[in-house]
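What follows is a single structure, written as structure tokens, with notes after it.
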Protein chains: 2
Amino acid sequence: MATETSEKGAPTTPVRFETHPDRYTHWKLSFEGPVAKLVMDVVEDAGMRPGYALKLNSYDLGVDIELADAVERLRFEHPEVKVVLVTSGQQRIFCAGANIYMLGSSTHAFKVNFCKFTNETRLSLEEACTKSDQHYVAALNGVASGGGYELALACERILLCDDGSSAVSFPETPLLAVLPGTGGLTRLVDKRKVRRDLADVFSTLAEGVRGKRAEDWRLVDKSIPKSRFEQVVADEAKTMCAQTKDKVGAAITLPPLEVKRTEDGKKFTSEYRYVTLSVDNSTRVAEIMMRAPEADPATTSEALRALGAANWTLQAFRELDDALLDLRFNHPAIGLVLLRTKGDAEKVRAHDRALHGLRGDWLAGEIRLKMQRVLKRLDLTAKSFFALVEPGSCFAGSLFELALAADRTYMLDGGDEAAMVGLDELNFGAFRMSNGLTRLETRFLHDPDAVKALEGKKDLLDAGEALKLKLVTFTPDEMDWEDEVRIAIEERASLSPDALTGMEASLRFAGPETMETKIFGRLTAWQNWIFQRPNAVGERGALTMYGRPERPEFDWRRT
Amino acid sequence: MATETSEKGAPTTPVRFETHPDRYTHWKLSFEGPVAKLVMDVVEDAGMRPGYALKLNSYDLGVDIELADAVERLRFEHPEVKVVLVTSGQQRIFCAGANIYMLGSSTHAFKVNFCKFTNETRLSLEEACTKSDQHYVAALNGVASGGGYELALACERILLCDDGSSAVSFPETPLLAVLPGTGGLTRLVDKRKVRRDLADVFSTLAEGVRGKRAEDWRLVDKSIPKSRFEQVVADEAKTMCAQTKDKVGAAITLPPLEVKRTEDGKKFTSEYRYVTLSVDNSTRVAEIMMRAPEADPATTSEALRALGAANWTLQAFRELDDALLDLRFNHPAIGLVLLRTKGDAEKVRAHDRALHGLRGDWLAGEIRLKMQRVLKRLDLTAKSFFALVEPGSCFAGSLFELALAADRTYMLDGGDEAAMVGLDELNFGAFRMSNGLTRLETRFLHDPDAVKALEGKKDLLDAGEALKLKLVTFTPDEMDWEDEVRIAIEERASLSPDALTGMEASLRFAGPETMETKIFGRLTAWQNWIFQRPNAVGERGALTMYGRPERPEFDWRRT
């Protein structure tokens with residue numbers, strides 16, 4: 001097999017996603033009243049692994065993990081922040097995008113997962129603007145190229161310093177024979193609505209576009225002379241703050257997740273408070289077990305704050321998020337994830353209802369949005385998911401979303417303590433997929449009335465009812481359960497991982513497309529393909545040859 | 001470089017797309033009043049090239065060229081036909097889809113172009129149902145697997161014989177490690193709105209689904225016992241005919257296009273009546289020159305029929321279609337196509353207006369739809385297009401769509417006889433892109449009012465006005481024209497063909513997504529990627545190993 005199966009560039013230690021502003025290496029987060037400043041100042045020799053230098057404010061996964069952390073903390077820990085200025089701490093360069101040598105020396109699987117994570121971070125930043133009233137402004141005090149400009153595109157406003165050198169650019173196609181991998185092309189024409197012919201010129205112009213032309217082409221919102229740049233940025237921030245409402249109620253802090261990780265041959269276990277992730281690399285099957293809360297929920301804003309991050313809805317989904325990222329980056333050979341739950345379904349629904357009851361509170365809103373993001377992360381994970389509904393499980397409300405997000409759901413019919421599933425308010429609008437629909441709406445595209453009818457079903461449902469209501473896929477009885485589930489698991493684990501990834505990406509997002517589904521469905525798929533092509537990553541490919549004196553060699557056939 | 005750059009499976013003779021029912025090898029087209037029967041009966045040893053046998057009604061490009069011809073002729077030559085029954089002339093098999101050995105022995109570029117063409121054929125069949133009132137019914141009198149079921153999915157109704165063996169299936173993922181490549185997954189969940197978990201089960205079940213279950217899962221419209229199958233199919237056809245209006249006005253016939261092809265070293269020229277295609281493989285640049293009509297247009301239904309296929313709008317766009325297919329299949333190394341026009345812009349607009357004036361006539365409607373399909377074919381061609389607007393050109397009305405479809409437009413500003421462009425009625429609704437918008441609407445996504453304002457601009461526009469109205473990209477003057485255009489061409493021709501394909505696919509279709517853009521943008525991109533992966537086409541890949549006793553070997557890493 002070709003280069004992509006080699007282990008080059010595989011991280012030698014597992015990637016971990018938890019960090020804190022006190023420990024940031026590449027970003028500086030500071031506050032001035034309602035304005036936060038997020039300054040990118042990447043330390044060249046502090047890459048995640050040896051072999052490349054992070055010159056010119058270029059980034060690797062480590063840099064982006066810090067950015068993701070900052071975006072998340074700003075939402076929970078700094079509700080007073082209304083505007084976030086994203087700028088550079090280096091001279092003449094805002095950000096040069098993803099580091100080319102890091103990409104060139106990474107496995108295909110890592111590259112794709114890296115792009116997916118940076119995409120999710122950019123989308124969370126956009127969501128902060130539209131849903132959390134935290135408005136990101138890119139203050140481009142230098143060149144923003146490739147992923148650097150893509151970061152700016154994710155911001156609500158782009159202000160460019162007109163100093164004769166600061167520019168925006170997408171040099172990927174002309175210099176590297178790949179595409180901007182973080183939604184850049186889609187955001188150009190769909191978000192900023194840049195005319196397609198100008199977008200075409202721009203995307204093939206290695207040196208990019210500066211000054212007034214960048215503004216005329218809608219690539220930036222304003223081009224500002226250097227002498228007035230800082231003042232205009234400050235003025236714009238002030239104006240945006242004035243237009244943004246104050247949030248009522250204290251912040252909470254996000255402590256590190258506590259997790260006990262054990263390893264036994266090819267088996268890995270991560271035990272969180274409410275989540276257990278078990279990975280078996282010999283069968284290529286993992287299991288995520290989510291447990292219901294034991295305590296009663298917080299039903300007042302004060303109680304919600306007293307619980308803080310220990311609140312079940314927040315903690316359980318933060319843990320699930322961490323487990324999903326662990327699966328993506330540290331367990332690439334896992335093809336199938338079994339989703340199980342355990343505990344009292346009514347407790348889950350009580351916590352959901354409490355969150356719904358407090359929906360006017362910004363903190364409850366943030367918790368819901370976090371749950372939504374985690375569930376989207378699951379939708380977008382390139383692994384198969386089977387939900388297994390057994391006696392003692394609690395697939396209800398927010399945890400029933402796991403079953404709806406799964407590629408299939410098996411529910412055991414019968415037994416002494418029959419397995420039950422249940423819906424609640426949150427299933428009907430709180431958790432939207434990338435396509436803008438709820439998982440129930442997506443499931444019942446053929447019969448929207450069925451969703452309305454389900455709103456009346458408040459009781460827990462046994463397997464017979466769940467099957468009749470089309471909420472689960474198969475309901476084997478006790479006689480058949482073990483064999484049927486075992487065979488389904490073995491079959492799934494035997495199929496081509498590539499074909500499954502493409503198949504799942506095509507089947508999971510029926511219905512309308514959004515910028516988000518376009519980025520993941522269309523742009524990512526093209527990028528995936530291009531990342532594999534000899535013209536980019538072959539021995540004489542442009543990505544491989546970058547920085548060397550020789551020119552790349554192309555197979556000119558267009559497909 | 002890897003296998004895909006080898007010349008294996010490249011057709012030794014150029015692919016040609018013209019045929020006629022009298023010469024069909026694999027299909028039989030017959031008529032019974034308003035019902036046409038299109039019977040697939042593929043001749044095993046009549047593949048387009050040696051090396052594979054077309055067993056079990058499997059198809060190659062040659063089979064699909066005949067189908068595309070039949071769908072087109074039914075629209076122009078048989079307006080009396082209201083229902084088209086698609087069925088099989090072989091026992092127990094409807095169609096086994098694209099031939100695996102043909103795919104396994106084809107270049108990557110050929111596979112992708114083959115899938116694209118079959119996709120366009122399926123979409124033209126769907127368009128015939130919705131726009132031309134010719135309703136396709138798949139009468140599945142045997143197994144429809146892979147592309148065979150995809151053909152059925154493109155039909156308006158799917159009737160399945162319940163005989164204990166007839167089934168529908170997508171064995172691609174379980175058996176071949178690829179995806180159904182002709183819109184199958186998208187049509188499952190988006191057109192037929194099959195529930196995603198059932199679609200998941202179905203798409204991994206090599207043997208497929210039969211009888212009542214196929215109907216319950218919405219995979220077919222009706223499962224019909226064998227004893228009643230023929231009668232029910234006939235009854236359904238009769239009912240559909242009764243619900244369909246008669247078309248007024250005679251048919252026309254589509255004669256073969258006359259084309260003179262010459263070859264001079266690495267240069268090829270194809271001269272049609274209104275189109276000249278020049279290909280230069282040494283520079284990897286081609287040119288399409290389209291000429292304006294000389295005669296006045298037909299302005300009555302009678303005159304339109306007297307002209308028949310010689311009518312400029314129809315003939316010029318049929319020729320353009322043929323040239324585009326020639327470029328795709330026979331000139332894969334061409335990366336850039338220059339679009340030029342020549343003649344009287346007012347004549348073009350007069351023909352457009354005449355067609356628009358006759359829009360109540362089914363034949364005028366069919367001509368417009370054909371033009372729309374050809375322009376879509378251009379949008380979907382994986383080559384760059386630059387329109388060059390020079391003195392003596394006639395980029396007006398339907399020919400201005402070429403400039404709007406191009407990735408960029410260069411217009412010469414000045415000179416004795418200044419170059420002019422012009423809009424007319426047809427630019428504002430007659431030619432929709434795959435995204436459902438006109439090219440003007442797509443261009444002005446950021447300012448829909450601009451499109452309305454353009455409706456009032458009936459005069460021809462010089463370069464200054466066209467630039468101001470944002471209708472062209474660049475307007476060099478006589479001093480700069482030659483250098484600027486030459487450099488732009490050389491630069492474009494030097495870029496990675498893969499990155500350009502992905503870039504163009506991402507920039508050309510801003511705005512809403514439709515099933516059509518999903519099929520081409522999402523599904524095709526995934527399929528492109530999977531077709532490249534060692535798990536499918538490597539030495540031990542599933543597609544390569546198909547039919548051999550050994551099992552394929554997979555790199556299990558998910559991306």
Side-chain angles (χ1 to χ4, degrees), chain A residues 1-2 5 108-109 112 173-174 177-179 185-186 189-190 193 195-197 199-201 203-204 284 332-333 335 382-383 407-408 443 445-446 473 495-499 501-503 505-508 510 513 521-523 525-526 528-530 532-535 538 542 554-559, chain B residues 1-2 5 108-109 112 173-174 177-179 185-186 189-190 193 195-197 199-201 203-204 284 332-333 335 382-383 407-408 443 445-446 473 495-499 501-503 505-508 510 513 521-523 525-526 528-530 532-535 538 542 554-559:
Chain A
M1 296 201 192
T5 62
H108 178 70
V112 173
T173 296
V178 297
L179 302 185
L185 298 176
T186 303
V189 292
D190 275 294
K193 300 183 168 60
R195 244 170 57 203
R196 55 165 282 198
D197 55 341
D200 179 274
V201 174
S203 305
T204 57
R284 296 188 304 279
K383 301 187 186 292
D407 296 297
R408 306 177 188 176
R443 189 175 186 88
L445 266 188
H446 65 284
T473 318
L495 299 183
S496 159
D498 309 327
T501 291
M503 184 188 98
S506 297
L507 295 180
R508 287 180 182 172
E513 294 259 20
R522 171 181 284 255
L523 204 140
W526 282 113
N528 249 6
W529 173 65
I530 292 162
Q532 282 280 295
R533 296 277 290 171
N535 286 339
F554 292 144
D555 169 1
W556 291 108
R557 281 175 295 173
R558 279 272 205 148
T559 51
Chain B
M1 296 200 193
T5 63
H108 178 71
V112 172
T173 297
V178 297
L179 302 186
L185 298 176
T186 304
V189 291
D190 274 294
K193 300 183 166 63
R195 245 172 56 204
R196 57 166 282 200
D197 56 339
D200 179 274
V201 174
S203 305
T204 57
R284 297 188 304 277
K383 302 189 186 290
D407 296 298
R408 305 176 188 178
R443 190 175 186 86
L445 265 189
H446 64 285
T473 318
L495 300 183
S496 159
D498 309 328
T501 291
M503 185 189 95
S506 297
L507 295 180
R508 287 180 183 172
E513 294 259 20
R522 175 180 281 256
L523 204 139
W526 282 113
N528 248 5
W529 173 65
I530 292 162
Q532 284 279 297
R533 297 276 290 172
N535 286 341
F554 293 143
D555 168 0
W556 291 108
R557 280 175 296 173
R558 278 271 204 150
T559 52

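In what follows, every chain begins at residue 1, and chains take the letters A, B, ... in the order their sequences are listed.
Between B:V189 and A:S506, the shortest heavy-atom contact is CG2-O, 3.9 Å. For A:A499 against B:T173, the heavy-atom pair with the smallest separation is CB-CG2, 3.9 Å. Minimum interatomic distance between A:P332 and A:K383 (heavy atoms only, all atoms of both residues): O-NZ, 3.7 Å.
For B:T186, no part sits under 4.5 Å from any heavy atom of chain A, backbone or side chain. In this structure, chain A has heavy atoms under 4.5 Å from both the backbone and the side chain of B:A505. With a threshold of 4.5 angstrom between heavy atoms, B:V112 approaches chain A through side-chain atoms but not through N, CA, C or O. For B:R284, the part sitting under 4.5 Å from any heavy atom of chain A is the side chain, from C-beta outward, and nothing else. With a 4.5 angstrom heavy-atom cutoff, A:T501 touches chain B via backbone and side-chain atoms both. When heavy atoms are compared at a cutoff of 4.5 Å, B:V178 approaches chain A solely by way of its backbone atoms N, CA, C and O.
With sequence neighbours excluded, the residues forming a side-chain contact (heavy atoms from CB on, under 4.5 Å) with B:L445 are A:K193, B:L437, B:A510, listed by chain and number.
Between the A:R558 side chain and the B:A382 main chain, a donor and an acceptor come within less than 3.5 Å of each other.
Among the candidates B:G335, B:A199, B:G521, the residue making the largest number of heavy-atom pairs closer than 4.5 Å to chain A is B:G521. Per-residue heavy-atom pair counts under 4.5 Å with chain B were compared for A:V201, A:T204, A:I530, and the maximum is reached by A:V201. When A:D407, A:D498, A:L507 are compared by the number of non-hydrogen pairs under 4.5 Å with chain B, A:D498 comes out ahead.
Side-chain contact between B:P534 and B:D555 is absent, with no heavy atoms from C-beta onward closer than 4.5 Å.
The one candidate from A:R408, A:R508, A:R443 that meets the salt bridge (charged side-chain N to carboxylate O under 4.0 Å, His left out) condition with B:D197 is A:R443.
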